[in-house]
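I have placed the structure first, in the form of structure tokens, so that the comments after it can refer back to it.
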Amino acid sequence: MKRKWVWITTIILLFTFPITACSSKTNTLSTEENQITSNMEIIETEEIPKAEAIVDTNNEIITGKIDNLTDYTDAWTELYASHEAAINAYTGMPIMSLVTVGLPLANAIFYSLLDLENKDGNFSGPVGFGGTEGYYNKSGNIAEFGQDWIRDLDGSMSNDKAGDRVLSEGIFDASKGYFKLDDLIERDGKIITRTYTEFIRLDDGSFRCLYQNSSDLDYSGNESKFNELTFIIMGQVVYEFVKAKGDFGIAGELCTLSEGMTIKDMTAQFQKLGYTVSESGGIQDGVFVVN
């Protein structure tokens, strides 16, 4: 599968990545932490480049196993691109999380660049544009990656403070088409924000994605507990989603993702754990619908 570096450029135009640090850092790399962080700043742009379609000789979305993280990310991006026109044509308020669910994959690409040849081994070095130290360890079908550093100066976001610990850990299992990224920020020994993302890609090329964002602070750094959860089923024809919210903050229980999960299944799980379904919908007869 051809690597689509134009997609990375698109994301860079849209977002300032957590691993693109705006201040100097003290790196404290740790591969034993089961945590990871993601903090993005949206910047305005008038036009978003659209990635070209990934197709095989029959002009269909490629199916089957994908053995590297870049192609995995491309596969998600190209599927989204095939539904993008319908989503963009929606006349109501845009649902930003339907786009931002893909950012953890974009972040992970920077780690995978430490292993450009996709070989087994333990790799480390600067990741992203901020140059914080990261690692990418691959053995067979499984790659583990992440970083651990302390912020020396206040960041670009108002609640990113000097002394915050930024923790990053992810996993990509090519044999199962599975990706997970756990993003956290710790302050004074306490986790204050968490973004936990899972993707499962099936052999038919379709995806299921669960994106969970939790925080005990608002964007100004004031105490405000909230949870935002987004579940998406996306295939060559199907695009469905359901969103939920809560006020548990970091204490909120994580939902789990499984290969055959349906919108009904995830809705039931949201409600069982005390979250409130806020929106649902998808593309019906070429039209994006929000309930």
Side-chain angles (χ1 to χ4, degrees), residues 1-8 10-11 36 38 50-84 87 97-113 115 118 136 138-146 169-183 195-212 229-242 254-266 269 282-283:
M1 187 182 296
K2 183 180 178 182
R3 302 188 189 282
K4 313 258 180 329
W5 299 109
V6 66
W7 185 83
I8 300 177
T10 301
I11 293 297
I36 189 163
S38 180
K50 184 174 179 181
E52 60 181 288
I54 298 178
V55 297
D56 61 16
T57 54
N58 296 316
N59 292 324
E60 295 179 353
I61 299 297
I62 289 178
T63 60
K65 179 183 175 182
I66 289 178
D67 65 0
N68 69 78
L69 194 49
T70 301
D71 287 349
Y72 188 89
T73 304
D74 284 343
W76 168 269
T77 305
E78 303 309 337
L79 266 183
Y80 179 81
S82 71
H83 299 293
E84 187 177 18
I87 296 172
S97 62
L98 299 183
V99 179
T100 57
V101 295
L103 289 177
L105 288 174
N107 284 342
I109 285 179
F110 287 98
Y111 296 105
S112 69
L113 294 180
D115 180 18
N118 198 35
Y136 190 87
K138 182 178 180 296
S139 177
N141 287 307
I142 298 177
E144 298 179 345
F145 52 90
E169 187 168 279
I171 185 170
F172 172 60
D173 186 339
S175 65
K176 298 179 179 178
Y178 178 74
F179 171 92
K180 179 180 74 174
L181 194 58
D182 198 4
D183 302 349
T195 301
Y196 184 91
T197 311
E198 291 182 281
F199 285 77
I200 295 177
R201 181 179 180 274
L202 307 184
D203 286 342
D204 64 1
S206 65
F207 281 86
R208 279 160 175 75
C209 171
L210 176 60
Y211 179 86
Q212 304 177 73
L229 304 92
T230 305
F231 173 61
I232 297 174
I233 297 175
M234 185 169 66
Q236 196 167 352
V237 177
V238 176
Y239 187 96
E240 300 176 295
F241 77 93
V242 60
L254 290 174
C255 293
T256 57
L257 182 65
S258 62
E259 183 174 302
M261 186 164 279
T262 64
I263 294 294
K264 182 178 179 181
D265 295 335
M266 186 58 75
Q269 186 176 174
I283 298 176

Would a 4.5 Å heavy-atom cut-off, applied to side chains only, mark Trp76 and Arg201 as touching?
no
Distance from His83 atom NE2 to Leu79 atom CG, nearest 0.5 Å?
6.0 Å
Closer than 3.5 angstrom, by distance alone: can the side chain of Asp265 be matched with the main-chain N or O of Thr262 as a donor-acceptor pair?
yes
Side chain Glu259, main chain Ile200, donor-acceptor under 3.5 Å
no
My understanding is that only residues two or more places apart in sequence, or in another chain, count here; which of them pass ring-ring contact (aromatic ring centres under 6.0 Å, His included) with Phe241?
Phe288
Gap between atom OH of Tyr196 and atom OG1 of Thr256 - 0.5 Å precision
9.0 Å
What's the verdict on side-chain contact (heavy atoms from CB on, under 4.5 Å) for Phe199 and Phe172, showing C-alpha distance, side-chain angles and the deciding distance?
CA-CA 9 Å; Phe199 285 77; Phe172 172 60; over 6 Å; no
Are Phe145 and Asp115 close enough that some pair of their side-chain heavy atoms sits under 4.5 Å apart?
no
Residues Asp74 and Thr77: side-chain donor-acceptor under 3.5 angstrom
no
Shortest non-hydrogen contact from Phe207 to Ala75?
CE1-C, 3.9 Å
Closest heavy-atom contact between Ser206 and Gly235?
CB-CA, 3.8 Å
CE on Met234 to CD1 on Ile283, rounded to 0.5 Å:
9.5 Å
Residue pair Arg208 / Met266, side-chain heavy-atom distance below 4.5 Å:
no
Do Tyr136 and Phe110 have their ring centres less than 6.0 Å from each other?
no
Got a sec: does the NZ of Lys180 have more than 12 other heavy atoms crowding it under 6.0 Å?
no
Working note: Met261 + Phe231, criterion side-chain contact (heavy atoms from CB on, under 4.5 Å); need CA distance, chi angles, decisive distance, verdict.
CA-CA 10 Å; Met261 186 164 279; Phe231 173 61; 4.0 Å; yes
Smallest separation among heavy atoms of Gly170 and Leu181, with atom names:
CA-CD1, 3.7 Å
Residues two or more places apart in sequence or in another chain: which of them pass side-chain hydrogen bond (donor to acceptor under 3.5 Å, both in side chains) with Tyr178?
Glu198
Identify the two heavy atoms, one from Tyr72 and one from Ile66, that lie closest to each other, and give their separation to 0.1 Å.
N-CG2, 3.5 Å
Tell me, do Ser112 and Asn68 make a side-chain contact under 4.5 Å, heavy atoms counted?
no
One should read off an interatomic distance between Thr63 OG1 and Leu202 CG, to the nearest 0.5 angstrom, of 11.5 Å
Test of understanding: with side-chain hydrogen bond (donor to acceptor under 3.5 Å, both in side chains), list the residues that count as partners of Thr230, not counting sequence neighbours.
Ser97, Lys243
Within the structure provided, determine whether Cys255 and Gln212 are in side-chain contact (heavy-atom separation under 4.5 Å).
yes
Are the side chains of Ser82 and Tyr239 in contact, using a 4.5 Å heavy-atom criterion?
no
Under the side-chain contact (heavy atoms from CB on, under 4.5 Å) test against Ile232, which residue among Val101, Leu210, Val242 passes?
Val101
Would you compute the distance between atom CD1 of Ile142 and atom CD1 of Ile171 and round it to the nearest 0.5 angstrom?
5.5 Å
Determine whether Leu69 and Phe179 satisfy the following criterion, side-chain contact (heavy atoms from CB on, under 4.5 Å), listing intermediate values before the conclusion.
CA-CA 9 Å; Leu69 194 49; Phe179 171 92; 3.7 Å; yes
CD (Glu144) and OH (Tyr111) are apart, to the nearest 0.5 Å, by 13.5 Å
